[in-house]
Protein chains: 4
Amino acid sequence: MPKIVDEQMREATRQHIIHEAAQEFARLGFDQANINLIAEKAGIGKGTIYLYFENKRELFLAMLRFIAQTQLAAIRGALAQNGDLQTRLEQLFLAFVRLAEEESDSFNVYMSALYGVNRAFRTEATKLLRDYVAVIAMVLEEAQAHNEIHIDDVDTTALMVLSLTESFILSARVLGQSQQNLMAQATRTAQFILQGLGATRQPEEV
Amino acid sequence: MPKIVDEQMREATRQHIIHEAAQEFARLGFDQANINLIAEKAGIGKGTIYLYFENKRELFLAMLRFIAQTQLAAIRGALAQNGDLQTRLEQLFLAFVRLAEEESDSFNVYMSALYGVNRAFRTEATKLLRDYVAVIAMVLEEAQAHNEIHIDDVDTTALMVLSLTESFILSARVLGQSQQNLMAQATRTAQFILQGLGATRQPEEV
Amino acid sequence: MPKIVDEQMREATRQHIIHEAAQEFARLGFDQANINLIAEKAGIGKGTIYLYFENKRELFLAMLRFIAQTQLAAIRGALAQNGDLQTRLEQLFLAFVRLAEEESDSFNVYMSALYGVNRAFRTEATKLLRDYVAVIAMVLEEAQAHNEIHIDDVDTTALMVLSLTESFILSARVLGQSQQNLMAQATRTAQFILQGLGATRQPEEV
Amino acid sequence: MPKIVDEQMREATRQHIIHEAAQEFARLGFDQANINLIAEKAGIGKGTIYLYFENKRELFLAMLRFIAQTQLAAIRGALAQNGDLQTRLEQLFLAFVRLAEEESDSFNVYMSALYGVNRAFRTEATKLLRDYVAVIAMVLEEAQAHNEIHIDDVDTTALMVLSLTESFILSARVLGQSQQNLMAQATRTAQFILQGLGATRQPEEV
DNA sequence: TATGAATGAGGCTTCATTCAT
DNA sequence: TATGAATGAAGCCTCATTCAT
């Protein structure tokens, strides 16, 4: 069945292009990134890229969707583990720190899309933001079911948790803090959030 | 002394160009914005812009610096008023909401620069971020002097406060929440922060 | 002998490609026509077309030759019937009207080639023009043998007859006249030509 | 008043570009013609051409309109002179021969547009065809007023006259006849047409 | 000082053609 | 023989920047 092999090859090439594209887009942004250079770095011909993506914009969106999947999977993985809310919030924080560091290209591209001016990209990036909020909301509801906390508006609170986590890391990176430094803040930030939520049983009081 | 008058005229024109540039840059981003169109909207010749700014990039940076000054002034103004920490944090929050709404062009441009990929712009935008942190740190230290709170690392905490505030607003806007909705969150967010900080006297307990 | 069957198959495929090519070339012209699309419409692979034709240009020329054969056969058929010159000129006119209508793709392609700018194509198209003139010259000579007319320069006159017939139809089509309208002009145009030739016995005087 | 000088300069440049464009379009056709080469031949920068014409297509159309004006003026001039119908038809014929020879670029471009496949161009070229027919129809009506001829459908007859004249010349050129040869056919073709029209007083009978 | 016509580098995209399977 | 994925030359067009006026 060469069909399946071909299909696998095609998908592999697609992923490869997306990977190279992410590097270029992260380095230069959408407009300054050069399709020809992406093709060259991917080791394929200029025209070949158009066999996989309709145009530059679609390549960017495909890359964005791929990044979103990857990042969401990482976050879901971090929150999947059992533990009390404090632990899970720490995991969330650490997962974001890791993403920002290890997938910094993706992270940058994603943030650019989210807070940048291109509406088409923002729409796509926003989907991931919603997914993040949903995942965190679910964690909060579980904590609530276990009487760890009591909150009125779960979604807004989830947004607050996400914002704090993400933006804290982003700002810290912009200000030049090391990954080491950042990770050390995990417990503290989780405490901050828990206390902010008025957790019924605050960890350090146990 | 026509020299001074000329100098005033020149500065006025400069500000005018920056103002029009901000609109275009906010609308389209750095790359998609068109220098010729900015000149046209500013009512000056295409070449004239280069008598005020070396090139497109310098125009963008000049605009960024202007925005930074304006925004920082707004934030300083909000925090200048007397009151307890809760009140001041609410003011900080409200000031950001207003900025995001009333100076949305500037706000967008600034966020793009901060989280975007162009290093030159990020460097400039980061300066504002540092200034923000410094202002908030000062407020926190005052509150500490008044025994309202006790915190170890003032700078990190200030960053946390800023991150939460700014990112919360940014995310809420991306998710489509109205200014009304946002403003209603001021008290709640301030409480969240205060509790997170482990404030010695939590407002609702009074 | 599978050899012959193969040869027939090959020729059939060739004709099929030419047929589809004619539609595309007629619709879009040589440059805008897309080889890949022609292959697709012909139900064969992109590469296969190059097993039958050296390149796009040769495909176009082959198509042109095929069209020329078809059209010349139609004209010969129209003029083969017995009758006086008036009748035969009417038949000639009607044959062109039919060609322009029923084989409009071919007709368009042919006219484009003849009056277009590509020298290679014009050369090929000119061959058909010469054949047309030759066929009409023969008819004129027969009429002369029957004392229907007397003309000095048979070739030039034949060219005149062809020009008038063909161009009249072409112009009428360009101006949007219907096939019905055009066909009604057959007798009149034939008379016009005959009178123009100074026919010894003009039909309407009989 | 630099405005007028500038306006004249601008128009001169425009005409110059059109002139160079006509050569390239006549030589290679619309698709094969190269905008960059046209600019180079016109002695201007690549981008400059777009200050005068929106895009390649508009340049082609502008050129077509210019050609149409020029050709129609030539034809009108030829028919403006007094004289009987025979003389005027000869002048028409000679005018077309001259156009085909002296303005062969324009003539080719025009014919390509008229009989080619690009609809947009055909529409524009058709306008000239209508103008031609109108001018000839006017001449025929004058002749009719002078009792030189009697015709029922002036427009159709005018189309016939135009078709014969134009196509005869076109075909003769395609077949390689010299301008000398062609011009010698003027009287003969005019007679052919007059007789075809059933002129009341045929020249050779006088 | 102010202008805007002119420039040309640069980039996305198309598509005829090739070639490994 | 048939295929279609891959190629890369080629070209239209944009726009930041220059410079003569």
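Below, chain A is the first sequence line, B the second, and so on; all start at residue 1. Heavy-atom basis, side chains included; hydrogens, waters and symmetry copies ignored. Everything numeric here is computed off the predicted structure, so don't read it as measured data.
Applying the side-chain contact (heavy atoms from CB on, under 4.5 Å) test to C:Ala68 and every residue at least two apart in sequence or in another chain returns C:Leu128. With sequence neighbours excluded, the residues that form a ring pair (Phe, Tyr, Trp, His ring centres under 6.0 Å) with C:Phe121 are C:Phe30, C:Phe60. Listed by chain and number, the residues in a side-chain contact (heavy atoms from CB on, under 4.5 Å) with B:Ser104 are B:Arg173 (sequence neighbours excluded). Scanning for side chain to side chain donor-acceptor pair (under 3.5 Å) contacts around B:Asn55 gives an empty result, with sequence neighbours left out.
Screening residues 13-23 of chain C for side chain to side chain donor-acceptor pair (under 3.5 Å) gives C:Glu11-C:Gln15 as the qualifying pairs, with residues at least two apart or on separate chains. Within the structure, salt bridge (Lys or Arg N to Asp or Glu O under 4.0 Å) pairs that include any residue of residues 30-51 of chain D comprise D:Glu24-D:Lys41 (at least two apart or interchain). Within the structure, every pair that satisfies the salt bridge (Lys or Arg N to Asp or Glu O under 4.0 Å) test and touches residues 47-66 of chain D, not counting sequence neighbours, is listed here: D:Arg65-D:Glu124. Within the structure, salt bridge (Lys or Arg N to Asp or Glu O under 4.0 Å) contacts touching residues 104-116 of chain A (residues at least two apart or in different chains) do not occur.
Taking a 4.0 Å limit (strictly below) on heavy-atom distances, residues 12-40 of chain B does not reach DNA chain E anywhere. Contact check of residues 42-52 of chain D against DNA chain E (heavy atom, cut-off under 4.0 Å) returns D:Ile44, D:Gly45, D:Lys46, D:Gly47, D:Thr48, D:Leu51, D:Tyr52.
For the atom pair CZ (D:Phe107) and OG1 (D:Thr70), the distance works out to 13.5 Å, reported to the nearest 0.5 Å.
If you walk DNA chain E from 5' to 3' and mark each nucleotide with an atom closer than 4.0 Å to a heavy atom of chain C, the marks span E:dC15 to E:dT18.
At a threshold of 4.5 Å between non-hydrogen side-chain atoms, the residues D:Asn108 and D:Phe25 do not count as touching.
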Exercise for the section: Give DNA chain E the dot-bracket treatment, 5' to 3': Watson-Crick (N1-N3 with N6-O4 or O6-N4) or G-U (N1-O2, O6-N3) under 3.5 Å, [ ] crossing, | other strand. Expected result: .||||||||||||||||||||

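Pairing each heavy atom of A:Leu129 with each of A:Tyr110, the nearest pair is N-OH, 3.2 Å.
For B:Arg57 and D:Asn55, each mapped to the nucleotide of DNA chain F holding its nearest heavy atom, the one lying further toward the 5' end belongs to D:Asn55.
For the pair A:Thr48 (side chain) and A:Ile44 (backbone), a donor-acceptor distance under 3.5 Å is absent.
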